[in-house]
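Take a look at the structure below.
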Amino acid sequence: MKLRVERDVLAEAVTWVVRGLSPRPPLPVLAGVLLEATDDGLTLSAFDYEVSARVTVKADVDEPGTVLVLGRLLADISRSLPPQPVDIATDGAKVQVTCGSSRFSLQQMPTDDYPTLPASPEATGAIDGQLFTQAVSQVSIAADRGDTLPILTGVRVEVEGEKVTLLATDRYRLAMRELTWNPASSDADYTALIPARTLSDTAKALGAAGSVQVALGTAAGGDGLVGFEVGQRRATTRLLDGDYPKVTSIFPTSVDTVAVVDTAVLTEAVKRVSLVAERNTPVRLRFAEGQVAIEAGTGDDAQASEAVECTLTGPELEIAFNPQFLLDGLGVLGTPFARLSFTQPSRPAVISGQQEADGDSDESYRYVLMPVRFAS
C-alpha cells in the first residue's frame with residue numbers, strides 16, 4: 001500500500017470511524033481500524049460485532065492494499081500531525097505514516113483475523129440531519145445509564161407511515177419526541193430498540209451532513225441491525241432484544257396547574273440554587289402568581305433560594321425534583337419558554353417547549369419528570 005491523503009481528511013475520517021471502539025475490546029484485533037486503498041480512494045472501517053462504521057475519502061493511491069492498525073493510536077497521531085499531506089505506506093510488517101518531518105511507524109495487525117463488516121441494509125426512509133440530531137438528543141437523556149435493566153438503555157423507535165416516535169425512560173423520567181420523515185413506503189410500520197449511547201454518538205456524527213438515510217426493520221435486510229448512511233459514511237448497530245414496557249400511561253390525563261417560564265432564566269436559577277443541594281437531595285419549586293421560588297438545602301446545611309418570573313394558570317403548587325433531571329429536560333427543549341404542567345405535587349410533571357410566553361405549547365416533545373418526596 002502506498003497513498004497520500006490530506007491531513008484534515010484523514011484525521012476526521014479516523015476519528016469518526018473509531019469513535020465507537022471499546023477501550024477494552026473482547027479480542028485485540030477489534031481495537032484496529034482497517035485501511036483499504038483502491039482506485040476509489042481510501043476506505044476506513046471499524047467493527048466490534050456490535051457497532052460498525054465505514055467511510056471512504058479522497059486519496060491519491062499509488063499502490064492499492066489493505067492494512068490493519070490500532071485505531072485509537074492512528075486517530076491520536078493523525079490529529080497531532082502538522083497541516084500537510086500525509087503519506088501512508090507499508091514497509092514489511094510496519095505501516096509508515098509521514099507528514100512533513102513527522103514520521104511514525106505502526107505495527108500491522110493480522111487482517112485475516114478481522115471480522116467481515118455487516119452489509120449495509122437497504123434504506124427504509126430518510127430524515128433531515130439537524131432534526132434527527134435534535135430529536136435523538138432530546139430523548140436519549142432519559143435512557144438508563146446503568147446495566148440493571150439493559151432494555152432501558154435503549155431508545156424505542158416506532159414508525160407509522162410518515163410519523164416517527166422516539167421514546168426513552170429510566171423509570172424516573174420519560175422523554176418522547178414525535179417527528180416526520182420521508183419513508184420509502186407510505187405504509188411503513190417498524191419498531192426498533194436502539195442502544196441510546198450508540199444512537200446519540202451516530203446522530204452527532206452524521207446529523208450535520210444533510211439528509212440521513214435510515215434502515216429499520218426486517219424489510220431493511222438487516223438481521224437485528226439498524227443502519228445509517230450519509231454520503232460516504234455508513235454505520236450499523238445491533239438492536240436490543242426484549243419487550244419495552246408500556247410507559248406512555250405515565251403521561252397525565254389531566255392538568256390542573258400550568259406555569260410558563262423563560263427557559264434560560266429558569267435553567268440558570270436552578271443551576272445556582274442546586275449548588276448547595278447534597279447528593280440525591282432535591283430542589284423545591286414553589287409556583288405562585290407571577291413567580292416561581294426555587295430553594296435547596298434545609299436545617300443546618302447550606303441553603304439557597306432564588307425567584308424568577310413565571311405565568312401561572314391554576315392553583316399554586318409546591319413540588320420537588322432531582323435538580324440534574326430537571327436541568328436535563330430544560331437543556332434540550334430548544335425553545336425560548338418552558339411550559340410545566342402539573343396535576344398535584346405527588347404526580348409526574350410534564351415539560352414541553354413554547355416559542356412565546358402567551359403562545360401555544362409545542363407538544364412534539366414532552367419530558368415527563370417524577371417528583372421527589374420532601375418533608376413539609
So Lys94 and Gln107, side-chain hydrogen bond (donor to acceptor under 3.5 Å, both in side chains) or not? Walk me through it.
CA-CA 5 Å; Lys94 300 283 189 176; Gln107 184 69 40; 3.3 Å; yes
With rounding to the nearest 0.5 Å, note down the distance linking CD in Gln354 to OG in Ser361.
5.5 Å
Check the pair Gln96, Arg103 against side-chain contact (heavy atoms from CB on, under 4.5 Å), reporting the backbone distance first and the verdict last.
CA-CA 7 Å; Gln96 305 295 336; Arg103 289 174 172 78; 5.8 Å; no
Do you know the tightest heavy-atom contact between Leu312 and Ala259?
CD1-CB, 4.0 Å
Around Glu12, counting heavy atoms of other residues, nucleotides and ligands shown, do more than 12 lie under 6.0 Å from its CD?
no
More than 12 heavy atoms of other residues, nucleotides or ligands under 6.0 Å from CD of Glu162: yes or no?
no
One should read off an interatomic distance between Asp144 CG and Arg171 CZ, to the nearest 0.5 angstrom, of 6.0 Å
Under the 3.5 angstrom rule, does the side chain of Thr124 hit a backbone N or O of Leu216 as a donor-acceptor pair?
yes
For the residue pair Gly100 and Thr98, what are the closest heavy atoms and their distance?
O-CG2, 4.0 Å
Glu309, CD: over 12 other non-hydrogen atoms inside 6.0 angstrom
no
Look up atom CD in Gln291 and atom CZ in Arg286, then write down how far apart they are to the nearest 0.5 Å.
11.0 Å
Is Arg173 close enough and on-axis enough to Phe325, meaning under 6.0 Å and within 45°, for cation-pi?
yes
When you measure from the side chain of Arg19 to the backbone N and O of Trp16, does any donor-acceptor pair fall under 3.5 Å?
yes
Find out whether Leu30 and Pro26 are in side-chain contact, i.e. whether some heavy atom of one side chain is under 4.5 Å from a heavy atom of the other.
yes
So, taking the atom named CZ in Arg284 and the one named CD1 in Ile294, what distance separates them when rounded to the nearest 0.5 Å?
11.5 Å
On a heavy-atom basis, the closest approach of Pro323 and Ser274 is CB-CB, 3.7 Å
Separation between NZ (Lys58) and CG (Leu10), nearest 0.5 Å, reads 16.0 Å
With a sphere of 6.0 Å drawn around OH of Tyr244, does it hold more than 12 non-hydrogen atoms of other residues, nucleotides or ligands?
yes
I'd like to know if the side chain of Thr335 and the backbone of Gln355 have a donor-acceptor N/O pair within less than 3.5 Å.
no
Mind checking side-chain hydrogen bond (donor to acceptor under 3.5 Å, both in side chains) for Arg4 and listing every partner two or more places apart, or none if nothing turns up?
Asp87
Thr111 side, atom OG1; Leu34 side, atom CG - distance, nearest 0.5 Å:
7.5 Å
Return yes if some donor-acceptor pair links the side-chain N/O of Tyr365 with the main-chain N/O of Gln138 below 3.5 Å, else return no.
yes
Just checking Arg7: does its CZ atom have more than 12 heavy atoms from other residues, nucleotides or ligands closer to it than 6.0 angstrom?
yes
Arg197 vs Thr153, side-chain hydrogen bond (donor to acceptor under 3.5 Å, both in side chains): CA-CA, chis, key distance, verdict
CA-CA 8 Å; Arg197 182 176 178 180; Thr153 63; over 6 Å; no
Does the pair Lys271/Glu268 count as a salt bridge with the N-to-O cut at 4.0 Å?
yes
Where Ala46 and Leu117 come nearest, the two heavy atoms and their spacing
O-CD2, 4.2 Å
Least distance between heavy atoms, Ile127 atom then Leu131 atom
CG1-CD2, 4.5 Å
Please state whether the rings of Phe342 and Phe287 are parallel, tilted or perpendicular, taking 30° and 60° as the class boundaries.
tilted
Within 45° of the ring axis of Phe251 and under 6.0 Å from its six-membered ring centre, is that where the NZ or CZ of Arg366 lies?
yes
Report the C-alpha separation of Leu3 and Asp62 in whole Å, then their side-chain angles, then the decisive distance to 0.1 Å, and conclude whether the side-chain contact (heavy atoms from CB on, under 4.5 Å) test is met.
CA-CA 6 Å; Leu3 62 91; Asp62 293 331; over 6 Å; no
Between Thr263 (side chain) and Ala338 (backbone), is there a donor-acceptor pair under 3.5 Å?
yes
Is the backbone N or O of Leu74 less than 3.5 Å from a side-chain atom of Ser78, with the two atoms forming a donor-acceptor pair by type?
yes
From CA spacing to verdict: side-chain hydrogen bond (donor to acceptor under 3.5 Å, both in side chains), Thr56, Thr43
CA-CA 4 Å; Thr56 300; Thr43 298; 2.9 Å; yes
Donor-acceptor check, side chain of Glu158 to backbone of Ala192, threshold 3.5 angstrom: yes or no?
no
Measure from the side-chain N and O atoms of Tyr114 to the backbone N and O of Phe47, and report whether any donor-acceptor pair falls under 3.5 Å.
yes
Do Gln134 and Arg177 get their side chains close enough for a donor-acceptor pair, meaning under 3.5 Å?
yes
Please confirm whether Phe132 and Phe228 have ring centers closer than 6.0 angstrom.
yes
Provide the closest heavy-atom pair for Val214 versus Trp181 in the form atom of the first, atom of the second, distance.
CB-CZ3, 4.1 Å
Count the heavy atoms belonging to other residues, nucleotides or ligands that lie under 6.0 Å from CZ of Arg272, then report whether that count exceeds 12.
yes
Under the side-chain contact (heavy atoms from CB on, under 4.5 Å) criterion, do Leu225 and Arg238 qualify, and how do the steps go?
CA-CA 5 Å; Leu225 290 176; Arg238 291 210 168 274; 3.7 Å; yes
